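This structure is a prediction, so every number in the text was calculated from the model and none was measured. Each residue takes its place number in the sequence, starting with 1. Computed over heavy atoms, backbone and side chain alike; hydrogens, waters and symmetry mates excluded.
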Amino acid sequence: VASSDERVMIQKRNRLLQTHKKKMRRFFNLADKSKNGSIDMEEFKKMTEHKEVSAWLASMELDVSDPKKLFNLIDSVKRDGTVSLEELIYGVGR
């Protein structure tokens with residue numbers, strides 16, 4: 001039986017995960033200029049050129065100095081040159 005402390009920790013982790021997903025969904029919707037359901041390198045690079053976005057990504061300990069490298073790390077699941085919302089959530093959350 002899980003203790004009260006364990007339940008609180010699980011609930012906190014679930015809230016953090018939901019917050020992460022919400023933020024990634026917002027980023028994704030702003031970045032997907034073509035509205036085709038994926039972000040390509042150019043769309044991703046354009047987003048990282050915004051100071052607020054690059055500062056936000058850096059606050060998650062993501063190196064935005066090389067957007068192509070960061071994009072490729074996020075696109076490491078399918079490696080198809082595009083990033084889906086699921087890949088973004090998983091890739092940034094690692």
Side-chain angles (χ1 to χ4, degrees):
V1 176
S3 73
S4 178
D5 288 344
E6 290 171 331
R7 280 192 294 274
V8 169
M9 287 175 39
I10 291 168
Q11 289 172 343
K12 182 177 180 180
R13 176 73 180 138
N14 287 340
R15 280 193 304 274
L16 289 172
L17 181 58
Q18 292 308 313
T19 300
H20 171 72
K21 287 180 178 181
K22 184 178 178 180
K23 289 178 180 180
M24 291 299 102
R25 188 173 294 112
R26 183 166 184 248
F27 175 88
F28 184 87
N29 290 334
L30 290 171
D32 184 17
K33 299 292 185 192
S34 63
K35 302 299 179 203
N36 65 351
S38 63
I39 301 172
D40 63 26
M41 172 65 75
E42 199 56 39
E43 290 171 323
F44 185 80
K45 188 176 175 189
K46 291 260 188 231
M47 284 298 289
T48 61
E49 291 172 357
H50 296 279
K51 289 181 183 180
E52 298 85 8
V53 172
S54 61
W56 174 63
L57 292 170
S59 75
M60 291 185 281
E61 299 181 12
L62 297 170
D63 182 6
V64 294
S65 64
D66 186 350
K68 183 177 181 177
K69 183 178 179 181
L70 180 55
F71 180 87
N72 288 332
L73 286 172
I74 295 169
D75 185 34
S76 64
V77 175
K78 292 183 184 175
R79 296 184 186 265
D80 62 357
T82 63
V83 171
S84 68
L85 176 58
E86 292 76 21
E87 285 178 297
L88 184 67
I89 291 169
Y90 174 75
V92 172
R94 287 191 279 162

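Separating the OG1 atom in Thr82 from the CZ atom in Phe44 is a distance of 13.0 Å, to the nearest 0.5 Å. Of the inter-residue distances, the one linking Thr19 atom OG1 with Asn14 atom CG reads 10.5 Å to the nearest 0.5 angstrom. From Ser84, atom OG reaches atom CG of Asp75 across 8.5 Å, with rounding to the nearest 0.5 Å. The distance from atom CG of Leu70 to atom OG of Ser54, rounded to the nearest 0.5 Å, is 11.0 Å. Rounding to the nearest 0.5 angstrom, the gap separating the NE2 atom in His20 from the CZ atom in Arg25 is 10.5 Å. Here Arg7 contributes atom CZ and Asp5 contributes atom CG; the two are 9.5 Å apart, rounded to the nearest 0.5 Å.
Side-chain heavy atoms closer than 4.5 Å link hydrophobic residues (I, L, V, M, F, W, Y) into clusters, and following such links, even through other members, never connects Tyr90 to Leu62. Residues Leu30 and Val53 share a hydrophobic cluster, clusters being chains of Ile/Leu/Val/Met/Phe/Trp/Tyr side chains in contact below 4.5 Å.
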task = Please report the C-alpha distance between Leu57 and Met60 in whole Å, then the side-chain angles of each, then the deciding distance to 0.1 Å, and finally whether the side-chain contact (heavy atoms from CB on, under 4.5 Å) criterion is met.
result = CA-CA 5 Å; Leu57 292 170; Met60 291 185 281; 3.8 Å; yes
task = Would you check, one step at a time, whether the test side-chain contact (heavy atoms from CB on, under 4.5 Å) holds for Lys68 with Lys45?
result = CA-CA 7 Å; Lys68 183 177 181 177; Lys45 188 176 175 189; over 6 Å; no
request  = Test Met47 against Glu43 for side-chain contact (heavy atoms from CB on, under 4.5 Å), laying out the working first.
outcome  = CA-CA 6 Å; Met47 284 298 289; Glu43 290 171 323; over 6 Å; no
Residue pair Phe28, Ile89: steps toward the side-chain contact (heavy atoms from CB on, under 4.5 Å) verdict = CA-CA 9 Å; Phe28 184 87; Ile89 291 169; over 6 Å; no
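Listed for the Asp40 side chain is no donor-acceptor partner under 3.5 Å among the backbone atoms of Gly81. In this structure, Lys22 contributes its side chain and Leu17 its backbone to no donor-acceptor pair below 3.5 Å. Remark: the backbone N or O of Arg15 is not paired with any side-chain donor or acceptor of Gln18 at under 3.5 angstrom. A donor-acceptor pair under 3.5 Å links the side-chain atoms of Asp32 to the main chain of Gly37, judged by distance alone.
Looking at Leu85 and Lys21, their side chains never come closer than 4.5 Å, going by heavy atoms from C-beta outward.
Annotation for Ile39 and Ala31: closest pair CD1-CB, 3.6 Å, computed over non-hydrogen atoms. Here the closest non-hydrogen pair linking Asn36 and Ser34 is OD1-OG, 3.0 Å.
Between Trp56 and Phe27, the angle of the ring planes lies from 30° to 60°, which puts this pair in the tilted group.
Through direct or relayed side-chain contacts under 4.5 Å between Ile, Leu, Val, Met, Phe, Trp and Tyr, Met9 connects to no other residue.
Open room surrounds NZ on Lys51; 12 or fewer heavy atoms of other groups in view lie less than 6.0 Å from it.
Checking Asp63 against Ser65 by side-chain atom types alone, a donor-acceptor pair falls below 3.5 Å.
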